[in-house]
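Comments concern the structure below.
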Amino acid sequence: MYPIAAHWLNFIDGQWADSERCITVNNPGTGQPVASIAQASVDDAERALQAARRCADSGVLTRARPAQRVAWLLEIAAQIRAVVEEGAWVLCQENGKRLQDARDEFIEAARYFEYYAGMADKIEGTSIPLGNGYMDFTLYDPMGVSLQIVPWNFPVSICARSLAPALAAGNAVLVKSPELSPLGLCVLFQAIERAGLPQGAVNLICGRGREVGAHLAGHPDVDQIVFTGSVGTGQSILRAAAEYAIPSVMELGGKSAALVFADADREQLIASVRNGIFFNAGQVCSAMSRLLVQREVYEEVVAQVVAMAEGLRVGQGQDDSDLTPVISAGQLEGIQALCQRAQAQGAVVASGGDAIGGLGGHFMAPTVLRDVTPDMEIAQAEVFGPVLAIIPFDTEEQAIAIANGTDFGLVAGVFTQDLNRALRCARRLCAGQVFINEWYAGGIETPFGGVGLSGFGREKGQEALYSYVRTKNLAVRIQGE
Ligand code: NAD
């Protein structure tokens, strides 16, 4: 347990800054306030943006030898590792997540800086042969000012996932933190501050999305937007960004399906379902929210999933419970309403189905819905909670059609012992990432992103670095040859 400051600030132009208004941050497990944070106004957002602009335009991030950026990123990683315990406690209290998962978020954040430190001095262009009389090569320039809008479900690791490659490539950054869970990011930035980057290189503001987020998304001084959040918000940001044709990376929602064939290893499958839909109370963009099960093993698999769900310990994140609260009362109401409408459309509750009272906060029972059909709302809409929809199928062809039959395409999974079948399905699944025999099998090294309404652009891995640069071609006419 760590004492948590009563009031937190924004980080603008190298200084911690207060604001006239503030936002109260509540613990989802108790409903009680944890602390308040300065609520950035449009003026504050403008100051933070101009600080990043000055820093980018000064060339301080790109003039130095690349080894300097490597050193900055490694120092940031070391500073983050020094605050893992303190940061995890703050994140667990404001977000409701398991304490161990909050620790893992800070450790993962440090890993992102270490990983992209390894690339900061290897952003190499190519030379292009054009024959005698010409020399041609490409340069990778940083975008300039990267605006990064972060959601509440994994604020610390999602922030690091974009911030690390952006800095590795020489950009200045303005992070807009989520109103519901902004405090862990303050701990992250306290650590980053100690790494001694140039003034204005990194800025952090917490403000209302519709006010400061919307102001920044359509701003001519922003050179790039990296947005992680819901589809509706992503669409309104894209509309605002269109005004100045600001390039964007969009990491949006999902309705990801796991295909379970009769020969699947059952132990591996049930462990994956547990992690896939109940980790972080199902508030994961790439959650396994649909389980497609071959009819001959449907009853057996449903029974095993129900037994697993009913064995979960529901409780506070600080007690490392198996299933933790959802982020807010509003989120809980939305999840309950979706479950009610699913039942009205014919889905059957095999386990859970409603909120759990008496625990103090916003707790949803681990929920398993069976006899779901692909056309039901619960099979099409993102729930963002601990709710699994189980759908039967007969053939491989049918399974692929159901899996691909939503507007989303973030991740998908195949569970089978038959490698040929797994690879056949993987090729045909419309998703940015396909897991075979283990949900979340990837890591920070593997490219991640969606197709369709799940968004575009890729984060993580080497590929993501190239979202943070623009290519410039230099075509030279040589005289005398
Ligand atoms: P959200 O869209 O409500 O908010 C995300 C961020 O956008 C917040 O910081 C918010 O303040 C800001 N915002 C809100 N309105 C804005 C506007 N008009 N202009 C600019 N910014 C605005 O999302 P959320 O509820 O915080 O997160 C949940 C959603 O995020 C889910 O749909 C989930 O699938 C998605 N998500 C996607 C990924 C991914 O990598 N694909 C990861 C995590 C979460």
Side-chain angles (χ1 to χ4, degrees), residues 23 25 28 37 39-40 42 45 49 95 97 105 108 147-162 174-182 185 204-219 222 225-243 246 248-256 279-289 326-328 330-332 334-335 338 381-385 406-411 431-433 440 442 444 446-461 464 467:
I23 292 173
V25 181
I37 183 163
Q39 180 186 331
V42 167
L49 177 58
N95 196 291
K97 64 176 62 204
E105 254 199 71
E108 187 168 294
L147 169 65
Q148 307 187 345
I149 302 180
V150 176
W152 49 261
N153 61 337
F154 296 97
V156 172
S157 59
I158 286 176
C159 174
R161 162 176 111 176
S162 309
L174 169 53
V175 174
K176 150 69 185 88
S177 61
E179 302 92 308
L180 288 168
S181 186
L185 281 173
L204 173 70
I205 58 166
C206 179
R208 297 288 175 200
R210 286 205 192 123
E211 188 188 1
V212 299
H215 173 76
L216 292 168
H219 201 297
V222 169
I225 300 173
V226 182
F227 173 72
T228 309
S230 60
V231 173
T233 306
Q235 288 166 330
S236 64
I237 289 174
L238 283 172
R239 279 190 282 270
E243 183 67 20
I246 304 172
S248 306
V249 174
M250 289 279 140
E251 293 283 1
L252 309 177
K255 189 71 197 178
S256 302
F279 166 59
N280 214 44
Q283 303 167 120
V284 185
C285 52
S286 47
M288 181 203 284
S289 52
V326 298
I327 191 77
S328 65
Q331 182 77 5
L332 182 60
I335 297 168
L338 265 163
E382 184 179 44
V383 178
F384 225 56
T406 74
D407 294 332
F408 296 104
L410 195 50
V411 303
Q433 187 170 35
Y440 300 138
I444 68 164
T446 52
F448 177 79
V451 301
L453 283 187
S454 293
F456 51 83
R458 291 293 177 265
E459 292 277 55
K460 302 184 175 182
S467 303

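Nothing fancy with the numbering, it's 1 onward along the sequence. Read the numbers this way: they start at 1 and go in the same order the structure lists the ligands and their atoms. Here the structure is a predicted model, which is why all the values come from computation and not from measurement.
- The nearest heavy-atom contact from the protein to atom 12 (C) of ligand 1 is I149 CG2, 3.6 Å.
- Here the side chain of S157 pairs no donor or acceptor atom with the backbone of E105 at under 3.5 angstrom.
- Near I158, meaning under 4.0 Å from one of its heavy atoms, ligand 1 places the atoms 42 (C), 43 (C).
- The proximity of N153 to ligand 1, defined as any non-hydrogen pair under 4.0 Å, is limited to the side chain.
- With hydrogens and angles disregarded, no donor-acceptor distance shorter than 3.5 Å links the side chain of S177 to the backbone of P182.
- Considering each of F227, F154, F384, the one bringing a non-hydrogen atom nearest atom 28 (C) of ligand 1 is F384.
- For ligand 1, the polar-atom distance check against S454 finds no nitrogen or oxygen pair separated by under 3.5 Å.
- Interface of T228 with ligand 1, defined as ligand atoms under 4.0 Å from a residue heavy atom, comprises 5 (C), 37 (C), 38 (C), 39 (C), 40 (O), 42 (C), 43 (C).
- There is no side-chain donor-acceptor pair under 3.5 Å between E459 and S467.
- Only side-chain heavy atoms of E179 come within less than 4.0 Å of ligand 1; its backbone N, CA, C and O stay farther off.
- Per-residue contacts place V150 under 4.0 angstrom from the following atoms of ligand 1 (heavy atoms of the residue considered): 6 (C), 8 (C), 9 (O).
- Listed by number with element, the atoms of ligand 1 under 4.0 angstrom from any heavy atom of P151 are 26 (O), 27 (O), 43 (C), 44 (C).
- Inclusion of E382 in the set of residues having an N or O under 3.5 Å from an N or O of ligand 1 is warranted.
- Of all protein heavy atoms, the one closest to atom 41 (N) of ligand 1 is L252 O, 2.8 Å.
- For atom 19 (N) of ligand 1, the closest non-hydrogen atom of the protein is A214 N, 3.3 Å.
- The shortest N/O to N/O separation between K176 and ligand 1 falls below 3.5 Å.
- Ranking protein heavy atoms by distance to atom 17 (C) of ligand 1, first place goes to G209 O, 3.4 Å.
- The backbone N or O of G254 lies less than 3.5 Å from a partner atom in the side chain of E382, making a donor-acceptor pair.
- Tested against K255, the residues D407, V383, L410 include a single side-chain contact (heavy atoms from CB on, under 4.5 Å) partner, V383.
- Formation of a donor-acceptor pair under 3.5 Å by the Q331 side chain with backbone atoms of S328 is not found in this model.
- Looking at atom 1 (P) of ligand 1, its nearest protein heavy atom turns out to be S230 OG, 3.6 Å.
- The backbone N or O of F408 lies less than 3.5 Å from a partner atom in the side chain of T406, making a donor-acceptor pair.
- At the shortest separation from atom 18 (N) of ligand 1 among protein heavy atoms lies S236 OG, 3.7 Å.
- Between R161 and ligand 1, a contact under 3.5 Å exists for at least one N or O pair.
- Nearest to atom 15 (N) of ligand 1 among the protein's heavy atoms is T233 CG2, 3.4 Å.
- Nearest residue to atom 38 (C) of ligand 1 from G432, S286, C285 is C285 (criterion: closest heavy atom).
- Residue I237 has at least one heavy-atom neighbour below 4.0 Å for each of these atoms of ligand 1: 19 (N), 20 (C), 21 (N).
- The single protein non-hydrogen atom nearest to atom 26 (O) of ligand 1 is W152 CD1, 2.9 Å, given as residue, atom name and distance.
- On a distance-only criterion, A217 and ligand 1 share no N/O pair closer than 3.5 Å.
- For Q39 (side chain) and R208 (main-chain N/O), no donor-acceptor pair under 3.5 Å exists by modelled atom type.
- Less than 4.0 angstrom separates atom 24 (P) of ligand 1 from at least one non-hydrogen atom of the protein.
- For the side-chain contact (heavy atoms from CB on, under 4.5 Å) with P151, the qualifying choice from T228, L252, I327 is T228, the only one to do so.
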